Amino acid sequence: MPEKFLKPYDATATESRIYATWEKSGLFNPDECVKQGVTKADAPTYSIVLPPPNVTGRLHMGHALMLAVEDIFIRYKRMRGFRTLWVPGTDHAAIATQSVIEKQIKKEEGKSRHDLGRDEMLKRIGTFAAESHDTIVNQLKTMGASLDWSREAFTLDPARSHAVRTVFKQMYDAGLIYRGLRIVNWDPKGQTTISDDEIIYEERVAKLYTFRYSKDFPIPVATTRPETKVGDVGVAVHPDDARYAAFVGKEYDAVFCDVPIHIKVVADKEVDPTFGTGAVGLTPAHSKIDWDIADRHELSHEVIVINEYAKMTVAGRLKGKKTTEARDLVVEWLTSEGLLEKEEETKQNVATAERTGGIVEPLPKLQWFIEVNKEVPGRGKTLKELMLEPVRSGAIKIVPEHFEKTYFHWIENLRDWCISRQIWYGHRIPVWYKGEEIVVGEAPTDDGWVQDEDTLDTWFSSGLWTFSTLGWPEQTDDLNNYHPTDLLETGYDILFFWIARMVLMTEFTLGTIPFKTVYLHGLVRDAQGRKMSKSLGNNLDPLDVAAKFGADAARMALIVGNTPGTDMRISEEKIKGYSRFANKLWNIARFILENAQQADLQAPLSASDTELLATLEALTKEMTTDIEEFRVYMAAEKIYHYAWHELADKILEESKPLLAGTDAAARASRARVLLTLLDRVLRLLHPFMPFITEEIYQSMPSKETEFLMVATWPT
RNA sequence: GCGCUCUUAGCUCAGUUGGUUAGAGCGUCCGCCUCACACGCGGAAGGUCGCAAGUUCGAAUCUUGCAGAGCGCACCA
């Protein structure tokens with residue numbers, strides 16, 4: 001028995017050493033596995049692409065959970081003989097990364113991005129992203145992730161950029177990408193548009209004002225935003241509303257708080273006759289709903305009264321005022337003119353930007369969109385339908401299943417996807433202009449062209465991830481072998497952001513699904529059930545945890561008892577518990593190796609020892625089914641329980657008298673079976689606790705393969 | 001408003017298609033340095049499975065209603 005077993009198990013020292021030997025072996029790469037003869041060349045493939053962590057800093061426990069789950073499936077499949085590929089990568093995370101740097105520069109140098117200029121700003125972000133990348137790679141390795149580093153990708157590297165431009169052009173040529181003036185969610189703080197999904201609604205108490213545009217205007221109107229009323233072009237009432245029927249179609253002129261306005265009364269079913277006065281003042285340029293209603297009644301969209309800095313652009317007393325100040329001025333004016341009829345409190349959901357917290361201002365802007373309700377040429381279906389179909393048909397399975405309903409619900413409500421962003425970090429829109437001419441895709445070589453200033457929504461490039469990482473648009477072997485991928489594992493919080501967009505992009509580009517199964521994990525919370533955050537200081541850093549208790553222990557703590565789709569709580573106590581389990585396993589190995597190092601592997605087995613093997617075989621079958629059916633939490637708990645409370649507590653205890661006894665046959669039988677049991681336990685536990693199992697395996701008297709990570713999963 | 005999830009031991013959670021005395025970890029109490037491990041061992045206490053009704057030979061598990069907690073989407077001007 002090696003001397004190392006005489007000391008308690010030292011996870012930290014062992015883990016980094018073991019990872020280095022794995023990496024050196026090249027066995028994370030399926031091609032290398034085939035070359036070295038541990039995997040058959042014609043074996044079926046199994047692939048996962050790593051959800052690329054944002055290069056905004058470092059990984060958190062949610063990432064650690066993701067890595068644990070994915071590594072379990074990858075290691076399990078590798079041991080089952082699949083050509084197993086897990087592709088690593090990172091995400092440039094456009095807005096998130098840029099805003100980190102912007103804040104930092106503002107704080108340290110008091111400068112804005114416009115002070116630095118586009119090139120300098122991009123240089124700064126690039127430097128930061130590279131540092132983040134290195135930290136993240138180090139963390140991924142620390143957690144034991146058996147990723148094929150030879151295939152690492154970045155959402156903003158040249159190969160991925162080429163894929164982005166290619167898809168953009170194809171969608172543009174298919175008529176699915178268009179540029180149009182639409183109401184977008186403008187974040188005045190971040191100075192960019194954001195998508196519907198980047199909005200957080202905050203409930204606030206607001207005042208609902210009931211007023212008239214002028215003394216002779218026949219209909220009272222209710223609003224929470226009086227300042228926008230200088231931009232009104234109409235009033236909408238419900239077609240069946242008898243109170244106002246007589247006024248429909250009539251037009252009125254007024255001077256509203258120094259601003260001349262022209263109002264037409266229209267009838268529209270969208271209006272709720274029971275809310276407020278049953279009449280809506282229409283401000284097409286500053287409200288999405290009003291824009292749509294105005295569209296239906298051919299009212300002007302062009303009256304813009306608020307700019308990108310959320311300031312008033314009209315002449316008169318409101319000129320240049322912030323919207324909040326303008327609101328007070330308008331109310332003051334209404335009161336003095338005797339036009340204000342009522343002022344009541346109401347609850348209102350205020351749209352705020354997820355990244356900056358700024359209050360979202362709906363503004364009409366020229367933006368790029370992907371049209372989701374238009375038929376895709378050659379497919380006979382809209383993008384929306386293409387997103388729904390594979391999940392409906394079962395071609396894509398979501399675990400846990402009930403998220404399928406959430407997915408459907410979201411897509412059914414989906415509107416055109418605004419893909420342009422007014423930030424600098426990211427894929428620049430691949431469109432060039434020269435006068436009336438336009439070029440899409442690759443940059444023209446002759447002079448005089450100006451590229452679109454905007455960049456693409458970060459999820460555009462993330463949406464290509466399953467195939468852009470495998471070499472598309474080239475028809476590579478990897479693409480043929482590993483796509484569609486088998487599993488996509490991520491947090492349920494990005495079901496819409498990412499999963500849905502990958503389905504959209506892959507269906508459009510390749511006419512197939514990006515993955516067969518979606519496994520959604522829950523949020524990792526602290527011991528009190530709070531979200532982990534910097535401000536609360538309750539973050540657990542995976543690196544610290546690994547240094548203290550070992551990555552194996554952290555992985556077990558994140559897996560056991562954690563069902564997919566359910567939030568979990570993690571504490572140092574729980575992780576500590578599994579570090580003790582690691583030590584237990586260490587001592588099980590010590591005992592068995594001490595007593596059975598010289599065991600005769602041909603010795604005949606006694607009836608009771610045969611039964612011990614049968615029991616473990618039954619457990620093996622259960623575990624295999626559990627993993628196949630995505631119950632890794634059960635498989636982990638079962639092997640934990642077996643190792644500690646069967647093997648150690650019962651089998652080892654009853655072995656002591658047997659091994660010290662005089663019955664040579666019983667002794668030989670027991671020594672042999674103990675060694676076999678240990679070997680099996682190491683294999684079964686390896687996907688969950690890869691480091692310690694590999695370390696013990698290295699001391700086994702006989703080994704099937706050089707490394708446990710490519711040994712055969714027992715049956 | 002539409003939809004989803006949860007409610008099981010003091011705490012955190014399992015319990016796969018309904019089937020014998022409902023499990024684990026942590027915690028608590030008692031006793032042990034027993035020659036693999038004190039990062040350990042042995043033992044104990046602790047649950048009317050949110051409430052009510054129904055289906056069934058049988059329900060923590062299925063159905064309905066109620067109560068409480070959380071989440072997603074939409075959003076009213």
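Please read these numbers as outputs of a predicted model, since none were measured by experiment. Residue numbering restarts at 1 for every chain, and letters A, B, ... go by the order of the sequence lines.
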For Ala635(A), enumerate each residue passing the side chain to side chain contact (heavy atoms under 4.5 Å, CB included) test, keeping only those at least two apart in sequence or located in another chain. Met623(A), Asp626(A), Ile627(A), Phe688(A)
Return the set of residues passing side chain to side chain contact (heavy atoms under 4.5 Å, CB included) with Asn185(A) (not counting sequence neighbours), or none when no residue passes. Ile194(A), Asp196(A), Ile199(A), Lys288(A), Val360(A)
Could you pull out all donor-acceptor pairs under 3.5 Å where a side-chain atom in residues 401-409 of chain A meets a protein atom, sequence neighbours excluded?
{"from": "Glu404(A)", "atom 1": "OE2", "to": "Ile398(A)", "atom 2": "N", "distance (Å)": "3.2"}
{"from": "Tyr407(A)", "atom 1": "OH", "to": "Met387(A)", "atom 2": "O", "distance (Å)": "2.9"}

Contact list for residues 586-599 of chain A, test salt bridge (Lys or Arg N to Asp or Glu O under 4.0 Å), sequence neighbours left out: Arg590(A)-Glu594(A)
Can you sort out the partners of Glu344(A) under side chain to side chain contact (heavy atoms under 4.5 Å, CB included), two or more places apart, ordered by chain and number? Leu208(A), Thr210(A), Lys342(A)
Which residues, if any, of residues 264-271 of chain A bring a heavy atom under 4.0 Å of RNA chain B? Val271(A)
Of all residues at least two apart in sequence or in a different chain, which pass the side chain to side chain donor-acceptor pair (under 3.5 Å) check with Glu298(A)? none
Partner residues of Arg212(A) under the side chain to side chain donor-acceptor pair (under 3.5 Å) criterion, sequence neighbours left out: Glu341(A)
Between the protein and nucleotides 25-32 of chain B, which nitrogen or oxygen pairs are less than 3.5 angstrom apart?
{"from": "rG25(B)", "atom 1": "OP1", "to": "His645(A)", "atom 2": "NE2", "distance (Å)": "3.3"}

Can you figure out which of rU16(B), rA14(B), rA36(B) approaches the side chain of Asp626(A) most closely? rU16(B)
I'd like to know if Glu412(A) reaches the base of rA74(B) with its side chain such that a donor and an acceptor end up less than 3.5 angstrom apart. no
List for me each residue that meets side chain to side chain donor-acceptor pair (under 3.5 Å) alongside Gln698(A), sequence neighbours excluded, and say none if there are none. Glu694(A), Lys703(A)
For RNA chain B, what are the stems built from at least three Watson-Crick or G-U pairs in a row, each pair having both distances below 3.5 Å? B:1-7 with B:67-73, B:10-13 with B:23-26, B:28-32 with B:40-44, B:50-54 with B:62-66
Over how many whole Å does the gap from Lys384(A) atom NZ to rC73(B) atom C1' extend? 13 Å
Which of these nucleotides, rG72(B), rA36(B), rG15(B), is closest to any side-chain atom of Leu652(A)? rA36(B)
Measuring to OP1 and OP2 of rA77(B), would you say a side-chain N or O of Thr224(A) lies under 4.0 angstrom away? yes
Rounded interatomic separation in angstrom, taking CG from Asp567(A) and P from rU7(B): 13 Å
Contacts of Asp609(A) that satisfy side chain to side chain contact (heavy atoms under 4.5 Å, CB included) - sequence neighbours left out: Leu605(A), Ser606(A), Leu612(A), Ser669(A), Arg670(A), Val673(A)
